[in-house]
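Start at 1 and go down the list; that is how both ligands and their atoms are numbered.
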Amino acid sequence: MSALRQQRVTIVGAGLAGALLAVLLAKRGFAVSLYDRRPDPRQIAAERGRSINLALAARGIRALERAGVMEAARPLLIEMRGRMVHERAGEQKLLPYGWKPNEVIYSVGRAALTKLLVEAAAKHPNVSLHFNQTCLGVSARENVAHFRDDETDETFDVPLTPTIGTDGAGSFIRASLAADRFITVREEFLDHDYKELTLPPLNGARALEVNALHVWPRGGFMLIALPNTDGSFTATLFLARKGSNSFASLPTPQDVQQFFAREFPDAVPLIPGLLTEFFANPQGQLGTVHAEPWHVGGKVLLLGDAAHAVVPFHGQGMNAAFEDCTTLDELLDHDCEWERVFAKFDRARRPNAEAIAQMALENYVEMRDTVRDPGFQRRKVLSEELERRFPDRFIPRYSMVMFHPEIPYADALRRGAVQSEILAALDELAGTSGTLDLHQAQVLIHERLPPIPPRNG
Ligand SMILES: Cc1cc2nc3c(=O)[nH]c(=O)nc-3n(C[C@H](O)[C@H](O)[C@H](O)COP(=O)(O)OP(=O)(O)OC[C@H]3O[C@@H](n4cnc5c(N)ncnc54)[C@H](O)[C@@H]3O)c2cc1C
């Protein structure tokens, strides 16, 4: 422990992953310097218009528990038991996420959770916090990270002791490593953007059912809303940038009004600030980041969105970033040589990051479209039936991702593909009668799906 105290680790980005990682590394005894270009979240109000709330699921919870902050986080969470699907005519239907009572996810405010994690990091005497300090990039050859103090405008360098880049999807560290040809980066932007809107409480009551993630699926686009602890909901419109039914097709207040009245009529009275917010709030971009490798020797490591940002449709970006922190911390249980640890981290997480990137893209189609399809709903019921009967082999893919952190994302993707084929075969056999051929189900499942290793802990 005392030897580790001498070892300094610099973390750039005191967002969700950076602040959590600071807690985990501080608990191990490292001297942690945590930098962020923003002001100290303990002293400022939340920034609006940038994914105000997020869905927290089992992988994220597991990491928060490991860091010892889950109990403190609990008051920030609102349980969401399923998707509440809103049809154009105003009809609503709750599609539960799973059939077990504990198969729920939680809405959590980004600002509140970040603040809690920064507070938890600040409790450790071996953590030093530096806000309003922008990292301008790293020079791996010169072994330094470059910073600008945004209060004095002075620039300064910090040695790469190592440095962990948790500076988010637009990472400067990633860009500088790519510019110096240490890594290659591919950023794939979606041709759909997002915009956030607010559903405040109405006459002191919540505008919608609180324990659900609300979805207005409309085929090529959708509106969603997640509850906040202050009684409001934050809605997010996901819409193409160009073409018919796009952000570009809504240049005037009248266009916006007509579009919402046509597509989301039941939501219109719940968003009193629709026009003001629509034109004031930023139109955010979405995309997937592929970077390789994520580290330069034992000097620099990219983690969280900086390494592998994904589109938000599986609600897993933060959860995956938190799981990165768990993995790095677990690796440090066995090895403290940074180059080896970073290389092992890259090997362990890369297939999983690729898998969640793919599943997140696929889930956009599910949320905005197939969720309403009777075939989808039939297969969902069938999946749950198969899970009840063969719980050690068959778990719906969505459940594997959201509720089973012991199943890596890559395994969830692989098993999910096999399960889809089994479901299609059984669905066909069931035909119009809808009766499950149990014998055939057992044969297919035992033949094609090996048992899932039991949970440890
Ligand atoms: C619309 C939307 C909805 C989402 N919904 C969900 C969801 O429901 N569930 C989920 O799990 N994930 C969700 N995500 C993804 C989630 O927001 C990210 O995966 C998560 O924030 C990643 O954490 P991070 O710490 O890696 O990056 P961030 O949270 O982005 O933190 C990066 C930090 O680095 C700092 N920084 C940036 N550049 C610099 C610099 N040059 N110098 C110093 N500091 C810097 C920033 O100020 C910030 O504090 C959503 C994303 C979007 C866009």
Checking side-chain polar atoms at under 3.5 Å, does His146 have a donor or acceptor matched by the opposite partner on Ser139?
yes
Show every donor-acceptor pair shorter than 3.5 Å between a side-chain atom in residues 9-18 and any protein atom, with sequence neighbours excluded, or say none if there are none.
none

When you compare ligand 1 with Asn53, is there at least one nitrogen or oxygen pair between them that comes in under 3.5 angstrom?
no
Sorted by first residue and then second, give each salt bridge (Lys or Arg N to Asp or Glu O under 4.0 Å) pair with at least one member in residues 209-233; sequence neighbours left out.
none
Which option wins on minimum heavy-atom distance to atom 4 (C) of ligand 1: Ala307, Pro312, Gly304, Ala57?
Pro312
Enumerate the atoms of ligand 1 whose separation from the nearest heavy atom of Gly13 is less than 4.0 angstrom.
33 (C), 34 (O), 35 (C)
Would you mind running through ligand 1 and noting each atom that sits below 4.0 Å from a heavy atom of Gly168?
27 (O), 30 (O), 32 (C)
In this structure, CZ of Phe260 is separated from CG of Asp255 (nearest 0.5 Å) by 12.0 Å
Is Gly317 in polar range of ligand 1, meaning some N or O pair under 3.5 Å apart?
yes
Distance under 6.0 Å and angle within 45° of the ring axis: does Arg83 meet both against Tyr398?
yes
Yes or no: does Asp36 have any heavy atom under 4.0 Å from an atom of ligand 1?
yes
Donor-acceptor check, side chain of Asp335 to backbone of Leu332, threshold 3.5 angstrom: yes or no?
no
Ligand 1 to Phe172, heavy atom cutoff 4.0 Å, flagged ligand atoms 41 (N)
Between Phe345 and Arg347, is there a cation-pi geometry (under 6.0 Å to ring centre, at most 45° from the normal)?
no
Proximal atoms of ligand 1 relative to Gly15 (non-hydrogen, under 4.0 Å)
25 (O), 31 (O), 33 (C), 49 (O)
Between Leu54 and ligand 1, find which residue part has any heavy-atom pair under 4.0 Å and reply side chain, backbone, both or neither.
both
Charged tip of Arg350 within 45° of Trp294 ring normal and under 6.0 Å:
yes
Would you say Asn319 has any N or O atom under 3.5 Å from an N or O of ligand 1, going by distance alone?
yes
With a 4.0 Å cut-off on heavy atoms, is Arg110 in contact with ligand 1?
yes
Geometric cation-pi criterion, Lys195 with Phe278: 6.0 Å, 45°
yes
Hey, is ligand 1 close enough to Cys135 that some N/O pair sits below 3.5 Å?
yes
Measure from NZ or CZ of Arg37 to the centre of the six-membered ring of Phe131 and say whether it is under 6.0 Å with the direction within 45° of the ring axis.
no
Near Thr134, which atoms of ligand 1 are under 4.0 Å from a heavy atom of that residue?
41 (N), 42 (N)
So the atoms of ligand 1 within less than 4.0 Å of a heavy atom of Thr166 turn out to be 32 (C), 33 (C), 34 (O)
Is ligand 1 less than 4.0 angstrom away from at least one heavy atom of His314?
no
Using distance alone, with no hydrogens and no angle criterion, decide if His214 and His86 have a side-chain donor and acceptor under 3.5 Å apart.
yes
Distance under 4.0 Å to a non-hydrogen atom of Arg38: what atoms of ligand 1 satisfy this?
47 (O)
Looking only at distances, can you tell me whether any N or O atom of Val12, backbone or side chain, sits closer than 3.5 Å to an N or O atom of ligand 1?
no
Counting only nitrogen or oxygen atoms and a 3.5 angstrom limit, does Asp305 reach ligand 1?
yes
